[in-house]
Amino acid sequence: MARRSSRDAPEVLRRKLLQLIEEFEIKLQDEDLRSQVVALIPANHTLRDLGSSLITDDSTDSARGRILAYLLKYPKTILQGDELMVVAGISEYGRRIRELRVQHGWAVASGTTLVEMKREDSTLSFAGDKNSLTTDSYVLLSDRQDLEGAHRWHVANEIRKGKGGAQAKILEFFRRNVGKEITGEELRYVANGSTEWARRVRELRTEQGWPILTRGTGMPELPIGVYLLEADKQAEVHDRSIPDPVKVKVLERDRFACRSCGWSRNSADASDKYRTQIELHHVQHHVDGGENTVENLISLCNVCHDEVHRGGISDYDLSRLVLP
């Protein structure tokens, strides 16, 4: 059975560790290897005790609690596994991180997932040494606990075991969690650990027209590294070729609100079950040669957009709209 760290005043443990190291000088003169190794065990235990005693917050009697306290102290910051091992006081810190993620709803992303995300989004950045991002790095994406996280991981496991390719599984997971924040870690798991999962997400957004939003593609209030399917509805075929930079500029210009009725995601209340997303509309219709430019696009909520295509809102009415 693994030894549990014993917590004490850090200064007491520091002195104890120094004493053990000084006494080890005698063992170095001993030619018996095993006696040298055995003599280091108390020093190793004391070092772990010292690390686990550095965090004195409430509810940190367990390794998992200490890891969480450390992550919350440095959110959105690249942390190394060795750091977490020190504060946990155990070598199996990876299992405790998985528990925090899967069972307790904390958005902890692994270095592996973050590296794969950066391949598709070069703007992705976190505090800390950017060159230190390795497979044994971790970042707490948000300091908010997601109480539905455990249920989503159950759904993710169900989809992961099903048939189909990575992209189909990712889309199914999004469609079963419309309007909910999803982490890259969840999507990577659903895709059976495929290294191309981030590319598949981008293809769903840019080539197939699914309204998948990130902090950099239309929903700046999202935490870095988090995705959200705004609505279970694909964009019209002619709208799928609008480049992401153009979309973002139009949304920013229109303050992420409908130019016709003023609705925005932030102003919507729970009773508005019809307006669910902001879509882009060509002022000069695409079939008439209208280009995918900022000047030829405006932001409309899904209700007003549908009304435009039904003829309820005329091109004349749209031409009279002014910037908010």
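Keep in mind that this is a model prediction, so the values were computed, not measured.
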- Out of R205, R202, R200, which residue meets the salt bridge (Lys or Arg N to Asp or Glu O under 4.0 Å) rule with E120? R202
Can you check whether [Y]'s main-chain N or O pairs, donor with acceptor, with [X]'s side chain at less than 3.5 Å?
X	Y	answer
S35	D32	yes
R265	E230	no
Q284	E291	no
T77	P75	yes
D146	E148	yes
R215	P223	no
R64	R96	no
K169	R160	yes
R259	L300	no
E99	H104	no

- Cut-off 3.5 Å, side chains only: do N292 and H282 have a donor facing an acceptor? yes
- Message: Under the criterion salt bridge (charged side-chain N to carboxylate O under 4.0 Å, His left out), I'd like the reasoning laid out for R310 against E307: C-alpha separation, chi angles, the key distance, then a yes or no.
- Response: CA-CA 5 Å; R310 283 196 299 267; E307 188 69 11; 2.6 Å; yes
On a heavy-atom basis, which atom in [X] and which in [Y] lie closest, and how many Å separate them?
X	Y	answer
I78	E83	O-OE2, 4.5 Å
Q36	F24	O-CE1, 3.3 Å
W263	C301	CE3-CB, 3.8 Å
E185	A109	OE1-CA, 3.3 Å

How long is the gap from [atom1] on [X] to [atom2] on [Y], to the nearest 0.5 Å?
X	Y	atom1	atom2	result
Q145	L72	CD	CG	9.0 Å
I170	Y227	CD1	OH	9.0 Å
T217	D244	OG1	CG	6.0 Å
L297	D239	CG	CG	8.0 Å

- Under the ring pair (Phe, Tyr, Trp, His ring centres under 6.0 Å) rule, what pairs show up with a residue in residues 142-194, not counting sequence neighbours? W153-Y189
- Message: Any salt bridge linking E186 with K180? Criterion: basic side-chain nitrogen under 4.0 Å from a carboxylate oxygen.
- Response: no
- Query: Below 4.0 angstrom, N of the basic side chain to O of the carboxylate: do R199 and E203 qualify?
  - Reply: no
